[in-house]
Amino acid sequence: MGAHGVERAAAPGPGRDRSRLAGDLESLLAKGVRQGHFDADLDATARACELLALLDGLSTRVVLGRHGADRDRALRMALSVTERLMERG
């Protein structure tokens with residue numbers, strides 16, 4: 001038990017949401033492999049990690065207001081890189 005009798009593992013928060021998102025994305029990619037949308041040898045776990053890292057980096061730049069970083073540009077970049085990461089063959 002954590003402080004004040006509350007179990008930390010059960011507490012909701014950004015880390016837990018992040019884990020759920022990673023799991024959901026990994027499941028989605030694995031489903032795409034099973035349905036033949038992606039190469040059979042796609043490593044869904046690794047690819048999900050790469051995509052989330054990309055989104056983390058882009059969103060950080062937008063939130064910090066970096067020069068040339070806005071929501072629309074970040075979305076276009078994310079889609080462009082995702083297409084390349086997910087190309088077949």
Side-chain angles (χ1 to χ4, degrees):
M1 290 261 177
H4 308 290
V6 177
E7 295 218 18
R8 289 190 185 273
R16 187 173 192 141
D17 291 342
R18 178 101 171 111
S19 293
R20 182 182 298 165
L21 178 61
D24 289 349
L25 182 54
E26 184 178 338
S27 294
L28 183 64
L29 294 174
K31 181 179 178 181
V33 169
R34 286 190 306 274
Q35 293 178 346
H37 298 291
F38 307 126
D39 284 334
D41 63 349
L42 177 86
D43 183 340
T45 302
R47 196 53 45 96
C49 183
E50 292 168 348
L51 291 170
L52 289 173
L54 167 69
L55 295 174
D56 283 345
L58 290 172
S59 63
T60 299
R61 292 182 53 78
V62 170
V63 168
L64 294 176
R66 296 289 186 202
H67 178 70
D70 60 55
R71 184 181 180 279
D72 291 335
R73 180 178 272 176
L75 180 58
R76 285 192 308 272
M77 291 172 83
L79 291 172
S80 174
V81 172
T82 299
E83 284 177 8
R84 283 182 263 151
L85 286 173
M86 303 310 298
E87 285 179 345
R88 292 184 53 94

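Counting heavy atoms from C-beta outward, Val81 and Leu51 have side chains that stay 4.5 Å or more apart. Proximity of Leu42 to Met86: side-chain heavy atoms (C-beta onward) are separated by under 4.5 Å at one or more points. No side-chain heavy atom of Asp43 sits less than 4.5 Å from a side-chain heavy atom of Leu29. Contact check for Val33 versus His37: no side-chain heavy atoms found under the 4.5 Å cut-off.
Across every non-hydrogen atom of Ala48 and Ala22, the tightest pair is CB-O, 4.3 Å. Taking every heavy atom of both residues into account, Ala78 and Thr82 meet most closely at O-OG1, 2.7 Å. Nearest heavy-atom pair, Ala30 versus Ala44, reported as atom, atom and distance to 0.1 Å: N-CB, 3.9 Å.
Note: Ser59 OG to Leu75 CG = 12.0 Å, rounded to the nearest 0.5 Å. Taking CD of Glu50 as the start and CG of Leu25 as the end, the distance is 11.0 Å to the nearest 0.5 Å. Here the CE-CZ distance, from Met77 to Arg61, works out to 7.0 Å after rounding to the nearest 0.5 Å.
Of the listed residues (Leu64, Val63, Val62), just one forms a side-chain contact (heavy atoms from CB on, under 4.5 Å) with Thr60, and that residue is Leu64. Each of Asp56, Leu58, Leu52 was compared with Leu54 under the side-chain contact (heavy atoms from CB on, under 4.5 Å) criterion, and only Leu58 meets it.
Looking at Ser80 and Arg84, their side chains do bring a donor and an acceptor atom within 3.5 Å of each other.
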